[in-house]
Chemist: 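Take a look at this one; I'll ask things after.
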Amino acid sequence: PMLQRALAGLYRLDGVKQAMLIDDSGTLLASVGEEGEMPPFEHVVDVISAALESADALGLGTVHEVWCEGNQRLMIDVASPTRIVALSGNGGRLARWRHALDRDRRILATTPQ
């Protein structure tokens with residue numbers, strides 16, 4: 001319902017191929033993406049784990065988001081302590097992705113367990 005609508009809206013952004021919602025244990029809760037394509041959520045979990053470990057080891061504080069740019073793009077947003085939103089794709093504008101995530105953060109952060 002509301003969650004699927006929010007993810008579908010993110011998926012419609014230019015360049016987004018997958019929109020995913022993952023919990024703090026690394027479980028994929030929901031995703032919207034290209035038909036027949038597996039969402040790369042294991043990669044997202046690896047990237048966010050590396051970011052959290054690095055921030056902890058270096059005393060950098062809290063990780064709120066991770067951006068990866070190259071041929072493939074990835075934006076990971078820690079919407080709440082138990083909800084991680086990830087957008088992956090190629091092309092598009094990361095600033096647009098981020099603005100759209102900001103708009104839907106409350107909905108995405110408060111999904112039931």
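Computed from a predicted model, the values in this text were never measured in an experiment.
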Chemist: Would you say the side chain of I48 lies within less than 4.5 Å of the side chain of V66, judging by non-hydrogen atoms?
Modeler: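 Yes - at least one pair of side-chain heavy atoms lies under 4.5 Å apart.
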Chemist: Please identify which of these residues, D102, L108, I107, meets the side chain to side chain contact (heavy atoms under 4.5 Å, CB included) condition with R105.
Modeler: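 Looking at D102, L108, I107, the match for R105 under the side chain to side chain contact (heavy atoms under 4.5 Å, CB included) is D102.
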Chemist: Answer whether the closest heavy-atom distance between the side chains of R93 and D14 falls below 4.5 Å.
Modeler: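 No, side chains not in contact.
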Chemist: Of all heavy-atom pairs between Q4 and A30, which one has the smallest distance, and what is that distance?
Modeler: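 For Q4 and A30, the tightest heavy-atom pair comes out as OE1-CB, 3.6 Å.
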Chemist: At what distance, to the nearest 0.5 angstrom, does CG of L28 lie from CD of E42?
Modeler: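 Between atom CG of L28 and atom CD of E42 there are 8.5 Å.
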Chemist: Before giving the answer on side chain to side chain contact (heavy atoms under 4.5 Å, CB included), spell out for V85 and M20 the whole-Å C-alpha distance, their side-chain angles and the decisive distance to 0.1 Å.
Modeler: CA-CA 6 Å; V85 183; M20 298 158 271; over 6 Å; no
Chemist: Which heavy atom of V63 sits nearest a heavy atom of A51, and at what distance?
Modeler: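 Taking every non-hydrogen atom into account, CG2-O, 3.7 Å.
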Chemist: With rounding to the nearest 0.5 Å, note down the distance linking OG in S88 to NE2 in H43.
Modeler: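 Reported value, rounded in 0.5 Å steps: 8.5 Å.
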Chemist: Report yes if some heavy atom in the side chain of V32 is under 4.5 Å from a heavy atom in the side chain of Q18; otherwise report no.
Modeler: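 Side-chain contact under 4.5 Å: no.
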Chemist: Judged by modelled atom types alone, do W67 and E65 share a side-chain donor-acceptor pair under 3.5 Å?
Modeler: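 Yes, a side-chain donor-acceptor pair sits under 3.5 Å.
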Chemist: Output the distance between atom CG (L10) and atom CE (M75), rounded to the nearest 0.5 Å.
Modeler: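 Answer for the CG-CE pair, L10 versus M75, is 10.5 Å.
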Chemist: I'd like to check C68 versus V47 (side-chain heavy atoms, cut-off strictly below 4.5 Å). Are they in contact?
Modeler: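 Result yes, sub-4.5 Å side-chain heavy-atom pair found.
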Chemist: Would L52 end up clustered with V44 when hydrophobic side chains under 4.5 Å apart are linked, directly or stepwise?
Modeler: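 Per the 4.5 Å side-chain linkage, L52 and V44 are co-clustered.
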Chemist: Are N71 and N90 side-chain neighbours, meaning at least one heavy-atom pair lies under 4.5 Å?
Modeler: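 N71 vs N90: side chains apart.
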Chemist: I'd like to know if the side chain of T27 and the backbone of D23 have a donor-acceptor N/O pair within less than 3.5 Å.
Modeler: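 Checked: no pair found.
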Chemist: Let me see the working for L74 and L87 under side chain to side chain contact (heavy atoms under 4.5 Å, CB included), right down to the final yes or no.
Modeler: CA-CA 6 Å; L74 180 62; L87 303 178; over 6 Å; no
Chemist: Rounded to the nearest 0.5 Å, how far does CD1 of I84 lie from CZ of F41?
Modeler: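 It comes to 12.0 Å.
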Chemist: Hey, what do you get for CG (L13) to CH2 (W97), rounding to the nearest 0.5 Å?
Modeler: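 One finds 8.0 Å between CG of L13 and CH2 of W97.
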Chemist: For the hydrophobic clusters of this structure (ILVMFWY residues joined by side-chain heavy atoms under 4.5 Å, transitively), does one cluster hold both L101 and V16?
Modeler: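 Yes, because L101 and V16 connect within a single hydrophobic cluster, where side-chain heavy atoms sit under 4.5 Å apart.
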Chemist: Roughly how far apart are L7 CG and S31 OG, rounded to 0.5 Å?
Modeler: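 So the CG of L7 and the OG of S31 are separated by 8.0 Å.
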